[in-house]
Q: 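Take this structure first; my questions come after.
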Number of protein chains: 2
Amino acid sequence: MLDKYKKAQKEFVRQQVEKLNNIGVALSSEHNLEKLLGQVVSQALGLAHCDAGSIYIKEEDKLAFMVAQNNTLKKRYGKGYEDKYFKKFQFPISKDRISGYVASTGETLNIGDVYQIHPDKEYRFTDDFDRRNNYVTKSMIAMPLKDPDHNVLGVLQLINCLNEEGKIIPFDKDIENLIQSVSSQAAVAIRNAQLIRKVKEAHLDTILRLSVAAEFRDDDTSEHLRRMTTYSVIVARNLGMSEYEIDLLKYAAPMHDIGKIGIPDSILFKPGNLTKSEWEEMKKHTIYGAQILEGSDSEILKASSIVAMNHHERWDGSGYPRGLRKNEIPIFGQIVSIADVFDALASKRCYKEAYDLSNSIEEIKASRSVSFSKHIVDAFVQGLEEIVEVFQNSQKSVFEQAPIIEVNKVEVQFH
Amino acid sequence: MLDKYKKAQKEFVRQQVEKLNNIGVALSSEHNLEKLLGQVVSQALGLAHCDAGSIYIKEEDKLAFMVAQNNTLKKRYGKGYEDKYFKKFQFPISKDRISGYVASTGETLNIGDVYQIHPDKEYRFTDDFDRRNNYVTKSMIAMPLKDPDHNVLGVLQLINCLNEEGKIIPFDKDIENLIQSVSSQAAVAIRNAQLIRKVKEAHLDTILRLSVAAEFRDDDTSEHLRRMTTYSVIVARNLGMSEYEIDLLKYAAPMHDIGKIGIPDSILFKPGNLTKSEWEEMKKHTIYGAQILEGSDSEILKASSIVAMNHHERWDGSGYPRGLRKNEIPIFGQIVSIADVFDALASKRCYKEAYDLSNSIEEIKASRSVSFSKHIVDAFVQGLEEIVEVFQNSQKSVFEQAPIIEVNKVEVQFH
């Protein structure tokens, strides 16, 4: 009997350890913060056998409500209901809300019935969500997501633990312990995802600033770089490129004209027409740019070097510096080229007035199979609505998009 | 009786889960690859109750031996013996070695006695280490470090499992399972550390290239940027700055002259002396640089902006653009200033021959409490040996240091 028990015990331990380990590995592997938070909630929901869960992330002295999952509402409203009903929003951390109490004290609250919280407690349950959604919250765990340095990064809330018959029961201590394990893994995964995002954003910021600095030498502006990078991303997306390739392009596109650094002021800033030899020198900015950027191990710089070299080549072979034709031109060069040309057409320059937007679009369409491939022009046209919006409102460029996806939906109050 | 067992079982599960969870959290938190690998080995040693362990990391078609810990040798030779006896080295992956077999097949080997491996097996035990060190390897687990996409990132080897009396026994299945959990956590932590390193290196590479591009406009070279950044790091270290501050400085220093982009060719490339008004314009490169870099959320760009603005200020107030005095000058500006001045003195420029190295050093020493603070000059002098080495051999700059620390010790053959 005991032997059988010991064996079962061992097997049980192995399974529990394996399950939690797999969760830990899965969480550590996800570097997209939004996806990661979604995973944390769904893993916690599964482990705790409960109906709903949500995560708040600490942003300075505020809590931001980030993700929520609710099986009852999902049954009622169907898949994808979360995007309809839940919106990211922030509120100041204060101890009178459950989430705020947990975030400021670092304590875990395990509450049997949120409508029966003892009046001596500092925190209250806000029933806005229940009333709005005709939902009844009863049992709840609210647990801090603490990193290994004991900083509270956020709060995980789980709602309505269910027994085997589907009846709501309080969360027991074993479940609390299990969730504790997931929370600490989640916290370090969140910290890592935030770190990677921060490092990448700093890189993008550096590229943009140093590229803008180089462009100071021309009459372009940072707005041009932002817009044309955004158009490039739209075209690449419509061509079906992978997220990874699109990311490379996003870093590489702003550096396309960096080689202008090597062009003498007398040519770069000449008010009138360039002589033939001046023009030959001017064209070399493509080669200079490629030289500045080539030979690195970094995939970003490899892509940038290709873009710098090839963003003035034309589909019919009439471009420079090498007069490449058709698919000899690297695809990144082709994409940045159409983005650059369109923005130049539609913008005012020192030597020309801006074209009318619709004329610029017509010109791009007319250059199908001439300056640009059919596919590229089609991908551009497919993205026109978005492109025009970017042109008319530079704020919407890829650089300005909030790093955290905001769903533009009705705001609901959470606990 | 059964109740007692159930309770004990629960408690045991809780402890195991907590232990493994803490290991997972600790591993995920460490982003320095070398420290991380050391932690993996010591955690595995503790969990498996064994005498020795080591890690190999896959680098393309080779395995690199990275870290080892051996309690018997530690007792014999004392703490720190690892640095004396173990050196990082690489060898091609082939199935006739245990580590190579595991790396290429992805199988775990659990061997009771490595001297009794059945001749039918493809892999052999190489006894070089045992012979050289008068050590007896017996039981061994060799396990792949697999990331969640099933790529083998490396191999973890554990040697000589010990029972309670300290006798060598084979590794049992339970221990193998435990180590399996640690391995998968370790693999994802290793992948994350490698990713963060790669992203940071790409950023540094971009900064260096775009800064060099800007310097094309002056007579400086990338070597100057590399050297002066390395001197800055040496001085900062001797001033007792934190690793984080030193890291910021490493990114910021190369961008100090980026504002020269805004100086007209006619001034920047003028062969003779500048007129007073030309000189006033030239001095503005500090302000232009600060403008290019300011206003970012990135700590790196904040530090860079400060460096650009302040790297021509002087301790006695004789510098520009603002004529700041003493501690009004931000410390990053002071450090980059001394590094920049020393390298300029010691190098040949178009308008001057290089000073003799010892004259340059004397000049820096003489400027103590004049151009530079006492502390900065003292930190510089303290680092002179290293600085001179960097000057004489640019290869040794912070950019060239292998990202993986190599210990220059006798090479030993591992299994």
Side-chain angles (χ1 to χ4, degrees), chain A residues 1-2 5 9-10 12-14 16-18 20-22 24-26 28-29 31 147-148 174 177-178 181 184-185 187-189 191-192 195-196 198-203 205-207 209-214 216-217 251 255 258-259 261-262 264-266 292-293 296-301 304, chain B residues 1-2 5 9-10 12-14 16-18 20-22 24-26 28-29 31 147-148 174 177-178 181 184-185 187-189 191-192 195-196 198-203 205-207 209-214 216-217 251 255 258-259 261-262 264-266 292-293 296-301 304:
Chain A
M1 189 67 175
L2 275 182
Y5 244 85
Q9 175 192 3
K10 264 191 183 177
F12 179 70
V13 173
R14 205 192 55 72
Q16 287 295 78
V17 164
E18 196 179 312
L20 280 164
N21 197 60
N22 288 343
V25 167
S28 315
S29 299
H31 301 142
D147 73 13
D174 290 346
N177 287 335
L178 270 181
S181 294
S184 53
Q185 285 280 359
V188 71
R191 200 175 63 172
N192 286 346
L195 171 69
I196 291 172
K198 222 174 127 184
V199 174
K200 284 187 169 179
E201 280 175 354
H203 190 179
D205 203 355
T206 304
I207 287 174
R209 279 156 187 276
L210 298 192
S211 302
V212 169
F216 270 1
R217 308 203 61 235
Y251 286 77
M255 291 191 265
I258 198 82
I261 270 180
D265 289 359
S266 57
I292 290 167
L293 300 164
S296 171
D297 283 341
S298 152
E299 294 300 321
I300 288 172
L301 288 175
S304 309
Chain B
M1 188 68 175
L2 276 182
Y5 244 87
Q9 175 192 3
K10 266 193 182 176
F12 180 69
V13 173
R14 204 192 56 74
Q16 288 294 78
V17 164
E18 194 179 316
L20 279 163
N21 196 60
N22 288 343
V25 167
S28 314
S29 300
H31 301 142
D147 73 13
D174 289 346
N177 287 336
L178 270 182
S181 295
S184 52
Q185 285 280 359
V188 71
R191 201 175 64 171
N192 285 347
L195 170 70
I196 291 172
K198 224 175 122 183
V199 174
K200 283 187 171 181
E201 280 174 356
H203 189 179
D205 203 354
T206 305
I207 287 174
R209 279 157 187 276
L210 299 192
S211 302
V212 169
F216 271 179
R217 309 201 62 234
Y251 286 77
M255 292 191 263
I258 199 79
I261 269 178
D265 289 0
S266 56
I292 289 167
L293 300 164
S296 170
D297 283 340
S298 150
E299 294 300 320
I300 289 172
L301 289 176
S304 309

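The sequence lines fix the lettering, A, B, ..., with proteins before strands; numbering per chain opens at 1.
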Q: Examine whether an atom of Asn177(B) lies under 4.5 Å from a heavy atom of chain A, and if so say whether it belongs to the side chain, the backbone or both; otherwise answer neither.
A: side chain

Q: Using heavy-atom distances under 4.5 Å, tell me whether Arg209(B) contacts chain A through its side chain, its backbone, both, or neither.
A: both

Q: Please classify the contact of Leu293(B) with chain A as side chain, backbone, both or neither, using a heavy-atom distance under 4.5 Å.
A: both

Q: Against chain A, work out which of Val17(B), Asp147(B), Asp297(B) has the most heavy-atom pairs shorter than 4.5 Å and name it.
A: Val17(B)

Q: Quick check on the interface: out of Pro148(B), Ser266(B), Ser296(B), Ala187(B), who has the most heavy-atom pairs with chain A under 4.5 Å?
A: Ser296(B)

Q: Output the distance between atom CD1 (Ile258(B)) and atom CD1 (Ile292(B)), rounded to the nearest 0.5 Å.
A: 6.0 Å

Q: I'd like to know which of Leu20(A), Leu178(A), Asp174(A) tops the heavy-atom pair count under 4.5 Å against chain B.
A: Asp174(A)

Q: Looking at Ile300(B), Ile196(B), Asn192(B), which makes the most heavy-atom pairs under 4.5 Å with chain A?
A: Asn192(B)

Q: For the interface with chain B, which of Ala189(A), Ala202(A), Ser298(A) has the highest count of heavy-atom pairs at distances below 4.5 Å?
A: Ala202(A)

Q: My understanding is that only residues two or more places apart in sequence, or in another chain, count here; which of them pass side chain to side chain donor-acceptor pair (under 3.5 Å) with Ser184(A)?
A: Asn21(B)

Q: Leu301(A) versus chain B, heavy atoms under 4.5 Å apart: side chain, backbone, both or neither?
A: side chain

Q: Which one, Val199(B), Asp205(B), Leu195(B), Asn22(B), leads in non-hydrogen pairs under 4.5 Å with chain A?
A: Asp205(B)

Q: To the nearest 0.5 Å, how far apart are CD in Gln185(A) and CD in Gln185(B)?
A: 4.5 Å

Q: Supply the atom-to-atom distance Thr206(B) OG1 to Leu210(A) CG, rounded to the nearest 0.5 angstrom.
A: 9.0 Å

Q: Should Ser29(A) and Arg191(B) be marked as a side chain to side chain contact (heavy atoms under 4.5 Å, CB included) after you check the CA-CA gap, both sets of side-chain angles, and the distance that decides it?
A: CA-CA 9 Å; Ser29(A) 299; Arg191(B) 201 175 64 171; 3.5 Å; yes

Q: For chain A, which candidate among Ser181(B), Ser304(B), Ala26(B) shows the most heavy-atom pairs at distances under 4.5 Å?
A: Ser181(B)

Q: Does Tyr251(B) reach the side chain of Glu299(B), with side-chain heavy atoms less than 4.5 Å apart?
A: no

